Amino acid sequence: DSRIRLWNPDTGLCLKMLQGHRNWIWSLAWSPDGSILTSGSDDCDIRLWNPSNGECLTTLQGHESWVWTVAWSPNSQILASAAGDLNIRLWDIQEGKSMKILQGHSNWITSVAWSPDGKILASAGHDRTIRLWDSSSGECLNIFQGHNNWVESVAWSPDGKILASGSQNGNIRLWDSNTGKCLKILQGHSNRVRAVVWSPDGEMLASCSHDRTIRLWDVQTGECTKILEGHTSQVWSVAWRPVVSNEAQNRDFVLASSSADETIKLWDANTGECLKTLRADRPYEGMNITGVTGITEAQKATLEVLGAIGN
């Protein structure tokens, strides 16, 4: 609905809605210090938001197609974005200007991720490759090849030694970030893998898929340790809750997932239990329109999307 919602994960309440985009929103990214939220949209714009008051701080324009992915550098100085125009842009946040344009992918770019030291940017795309870029010079340092279908997501391990990538065919690959050698192939999803994310301690990898599941993987063995089920449609994204020191020590990790079923779910990564389900209020929630006459099928479908109950 072209809006961003900010939630209280403890109460499940929607705290704020950010409005301004004119089309679908494909990606969100918090600045490392949590002070700014960034969004990329089908309207080709990137917006920077103050999450405290919901104000749009600035709009970055330059992409000529939908913005699929955005990512902050670890020092919060540079924003990377990639779009359907096959360009990766590096933005100077202080100036609000595009610093560099990285070109090389021959098909849509679906994911960008910074190395932990901020020196290298990884990108993945529908040309079945992963590229590593020198963030200072813009030079392509390496191309990882091996996926036989679209690469949907890429993520660095916390120590920067391994890259994980998820593909259209349901496979996940782990790569040596220095040599480009494929270390492991994780298999289990029965449909495209939309996102992969490392646990804060780097020992687990979480993945989500169009097969409606989230999987947790032991990175050392390559085994799937848990399958989180509960979503009733495609799962589009997953993210780990930031942890404080005692949580990290006790491995009290919580995972959030979002789905085309219009819900966000919070999961206990140790038990696999769904802790909470977040869902936006719908204006016609529970309204029974079975047998109602005088409306078209299109109008009926719209009411059902907004919460009404049909046949």
Side-chain angles (χ1 to χ4, degrees), residues 4 24-30 37-41 66-72 80-83 88 108-115 121-126 128-130 144 147 149-158 162-175 184-200 202-217 219 224-242 253-267 269 272 274 278:
I4 299 164
W24 297 335
I25 298 166
W26 291 113
S27 56
L28 296 171
W30 289 95
L37 180 66
T38 308
S39 56
S41 169
W66 43 261
V67 181
W68 186 254
T69 178
V70 290
W72 286 83
S81 63
I88 299 167
W108 292 346
I109 305 161
T110 50
S111 181
V112 291
W114 292 89
S115 61
L121 184 75
S123 61
H126 284 189
R128 307 181 183 186
T129 70
I130 298 155
F144 295 177
H147 283 293
N149 215 313
W150 299 346
V151 189
E152 299 283 0
S153 58
V154 65
W156 293 84
S157 61
I162 302 175
L163 270 171
S165 58
S167 175
Q168 168 85 0
N169 66 3
N171 289 346
I172 298 163
R173 287 178 177 253
L174 303 183
W175 309 82
K184 286 187 180 71
I185 299 177
L186 313 182
Q187 296 178 310
H189 284 295
S190 60
N191 208 321
R192 68 197 294 183
V193 176
R194 291 308 305 242
V196 289
V197 289
W198 293 83
S199 63
E203 295 183 10
M204 280 191 296
L205 188 75
S207 60
C208 66
S209 169
H210 278 202
D211 66 10
R212 306 180 182 185
T213 70
I214 299 111
R215 286 178 177 256
L216 302 182
W217 307 85
V219 177
C224 177
T225 59
K226 283 187 178 61
I227 302 176
L228 311 182
E229 298 178 292
H231 283 297
T232 58
S233 190
Q234 305 161 354
V235 188
W236 281 69
S237 65
V238 282
W240 295 95
R241 184 183 68 183
F253 299 147
V254 175
L255 190 70
S257 60
S258 67
S259 168
D261 65 12
E262 301 179 8
T263 68
I264 298 166
K265 290 182 179 290
L266 306 182
W267 308 86
C274 180
L278 313 179

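Computed from a predicted model, the values in this text were never measured in an experiment. Count residues from 1 along the sequence. What you see below is based on every heavy atom in this structure, not just the backbone, and it leaves out hydrogens, waters and symmetry mates.
Between the Asp211 side chain and the Ser190 main chain, a donor and an acceptor come within less than 3.5 Å of each other. A donor-acceptor pair is defined here as one N or O able to donate and one able to accept, closer than 3.5 Å; such a pair exists between the side chain of Ser41 and the backbone of Trp24. Put simply, the side chain of Asp261 gets close to the backbone of Thr232: a donor and an acceptor are under 3.5 Å apart. In this structure a side-chain-to-backbone donor-acceptor pair under 3.5 Å is missing from Ser258 to Trp236. The backbone N or O of Gly188 sits less than 3.5 Å from a side-chain atom of Arg215, completing a donor-acceptor pair.
Taking CD from Gln234 and CZ from Arg194, the interatomic distance works out to 7.5 Å, rounded to the nearest 0.5 Å.
In this structure, Ala195 and Ser237 approach most closely via the heavy-atom pair CB-CA, 4.2 Å. When all heavy atoms of Trp156 and Ser115 are compared, the closest pair comes out as NE1-N, 3.4 Å.
In this structure, a donor-acceptor pair under 3.5 Å is absent between the side chains of Thr110 and Trp150. Between Ser111 and Thr69, the side chains place no donor N or O within less than 3.5 Å of an acceptor N or O (distance only, hydrogens not considered).
In this structure, the side chains of Gln168 and Glu152 come closer than 4.5 Å at one or more pairs of heavy atoms. Taking 4.5 Å as the limit, some side-chain heavy atom of Trp26 sits within range of a side-chain heavy atom of Trp66.
Residue Leu205 forms a side chain to side chain contact (heavy atoms under 4.5 Å, CB included) with just one option from Ile162, Leu216, Ile172, Val197, and that option is Ile172. Each of Leu121, Val154, Val70 was scored for a side chain to side chain contact (heavy atoms under 4.5 Å, CB included) with Val112, with one residue passing: Leu121.
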*Residue pair Trp267, Val238: steps toward the side-chain contact (heavy atoms from CB on, under 4.5 Å) verdict*: CA-CA 10 Å; Trp267 308 86; Val238 282; over 6 Å; no

*Using the side-chain contact (heavy atoms from CB on, under 4.5 Å) rule, take Leu228 and Val235 through it: C-alpha gap first, then chi angles, then the decisive distance, then the call.*
CA-CA 11 Å; Leu228 311 182; Val235 188; over 6 Å; no

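For Trp30, the CH2 atom counts as densely surrounded, since its 6.0 Å shell holds more than 12 non-hydrogen atoms of other residues, nucleotides or ligands.
Scanning for salt bridge (Lys or Arg N to Asp or Glu O under 4.0 Å) contacts around Arg173 gives an empty result, with sequence neighbours left out.
Using a 30° and 60° split on the angle between ring planes, Phe253 and Trp240 fall in the perpendicular class, above 60°.
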